[in-house]
Amino acid sequence: MTRTLHVPETGSTNADLRSFARDGYGEHGLWLRADRQTAGRGREGRAWDSPVGNLYASTLVRLAAGDPPAPTLALVAAVALEETVRAALPDAAALRLKWPNDLLLDGAKLSGILLERVDEWVVIGFGVNVAHHPELADRATTSLCAAGATSDAATLQSELAATLAHWHARWREEGLGPVAERWRERAHPPGTELRARLPDGGEWHGRYETLDPGGALVLRLADGSRRVMHAGDIFLL
Ligand SMILES: O=C(O)CCCC[C@@H]1SC[C@@H]2NC(=O)N[C@@H]21
């Protein structure tokens with residue numbers, strides 16, 4: 001079961017659901033969607049520009065005993081959003097997942113996902129460029145509208161709620177396997193050249209090899225060594 005609250009404006013839908021969870025008002029499957037955010041947050045401490053017209057929504061997932069590791073919900077969120085966006089695009093041939101959970105269309109960033117843990121809760125926040133896309137210094141961006149899609153933020157969110165519930169149930173019942181398999185199918189192909197920026201500021205240049213069983217990115221560097229990346233950003237070259 002899912003339930004959606006909608007507000008015209010808030011600071012950050014992720015921050016709001018974190019407060020709900022912390023204050024004892026957590027509800028599995030609760031969604032909060034805002035038309036705009038005044039303090040939208042991205043990964044790695046970045047801000048997320050949030051003008052009216054795009055999708056800003058977060059949901060609460062309650063962890064249960066026996067669930068796969070909580071960080072692998074990043075891949076569950078990614079495959080659910082990819083499936084939702086794929087259905088909305090007139091032509092999804094150039095749609096790809098980029099580790100861990102960005103969606104790229106023709107190499108340009110279309111969306112972002114931010115996961116935050118509060119006790120037994122995980123807040124999953126989705127930002128999708130529906131009508132607008134920001135100008136960013138270090139990466140190309142695009143929007144659904146620019147790609148000819150006609151869905152609005154409210155429709156996308158209700159479809160995403162159903163798709164996420166489906167993939168969350170598979171993750172809980174069958175483990176990470178089917179989710180990881182879908183992720184690999186919809187991501188950049190093995191051998192893709194990339195640059196990895198690590199949380200400590202370090203960088204690796206290499207080729208994407210696969211996802212490991214825990215959802216980490218496996219790279220092969222030019223000297224043949226293997227590296228496993230658990231956090232940070234990657235840039236496809
Ligand atoms: O950096 C990224 O790629 C992740 C961006 C996540 C943005 C969404 S918008 C809805 C939710 N509320 C936030 O403050 N952030 C997430």
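Remember, it's 1-based here, ligands and their atoms both numbered in the order they're listed.
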Novice: Of the protein's non-hydrogen atoms, which lies at the shortest distance from atom 4 (C) of ligand 1, and what is that distance?
Specialist: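 The closest heavy atom on the protein side is Ile113 N, 3.4 Å.
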
Novice: What I want to find out is whether Asp212 reaches Arg226 closely enough, with some N-O distance under 4.0 Å, to be called a salt bridge.
Specialist: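 Arg226 and Asp212: not salt-bridged.
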
Novice: Between Asp119 and Arg117, does any side-chain N to carboxylate O distance fall below 4.0 Å?
Specialist: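 Judged by the 4.0 Å cut-off on N to carboxylate O distance, Asp119 and Arg117 do not form a salt bridge.
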
Novice: Any idea which protein heavy atom is nearest atom 15 (N) of ligand 1, and the distance to it?
Specialist: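 The protein heavy atom lying closest is Arg41 O, 2.7 Å.
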
Novice: Pair Thr13, Arg33 - check side chain to side chain donor-acceptor pair (under 3.5 Å), show working.
Specialist: CA-CA 7 Å; Thr13 56; Arg33 181 174 71 80; over 6 Å; no

Novice: Please examine the side chains of Thr155 and Glu159, heavy atoms only from C-beta on, and report whether any two atoms are closer than 4.5 Å.
Specialist: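 In short, these two side chains touch, coming nearer than 4.5 Å.
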
Novice: Would the distance check show the side chain of Lys109 and the main-chain N or O of Asp102 forming a donor-acceptor pair, the cut-off being under 3.5 Å?
Specialist: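 Not a single qualifying donor-acceptor pair exists.
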
Novice: Would you say Trp48 has any N or O atom under 3.5 Å from an N or O of ligand 1, going by distance alone?
Specialist: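 No, since none of the N or O atoms of Trp48 sits under 3.5 Å from an N or O of ligand 1.
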
Novice: When only distance counts, is Lys109 in polar contact with ligand 1, meaning an N/O pair under 3.5 Å?
Specialist: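 In this structure, Lys109 places an N or O atom under 3.5 Å from an N or O of ligand 1.
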
Novice: Atoms of ligand 1 less than 4.0 Å from Gly40 heavy atoms?
Specialist: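 Atoms satisfying the 4.0 Å criterion: 14 (O).
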
Novice: Applying salt bridge (Lys or Arg N to Asp or Glu O under 4.0 Å), run through Asp138 and Arg46 and close with a yes or a no.
Specialist: CA-CA 13 Å; Asp138 62 349; Arg46 289 185 290 261; 5.5 Å; no

Novice: Do any N/O atoms on Ser111 end up under 3.5 angstrom from N/O atoms on ligand 1?
Specialist: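 No, since none of the N or O atoms of Ser111 sits under 3.5 Å from an N or O of ligand 1.
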
Novice: Below the 3.5 angstrom mark, is there an N/O of Arg43, backbone or side chain, next to an N/O of ligand 1?
Specialist: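 Looking only at distances, the answer is yes, because the N/O contact criterion of under 3.5 Å is met.
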
Novice: Of the side chain and backbone of Ala15, name the one, both, or neither that has a heavy atom under 4.0 Å from an atom of ligand 1.
Specialist: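 It is neither part, as no heavy atom is under 4.0 Å.
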
Novice: Provide, to 0.1 Å, the distance between atom 9 (S) of ligand 1 and the closest protein heavy atom, together with that atom's residue and name.
Specialist: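 Scanning the protein heavy atoms, the shortest distance from atom 9 (S) of ligand 1 goes to Gln37 NE2, 3.4 Å.
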
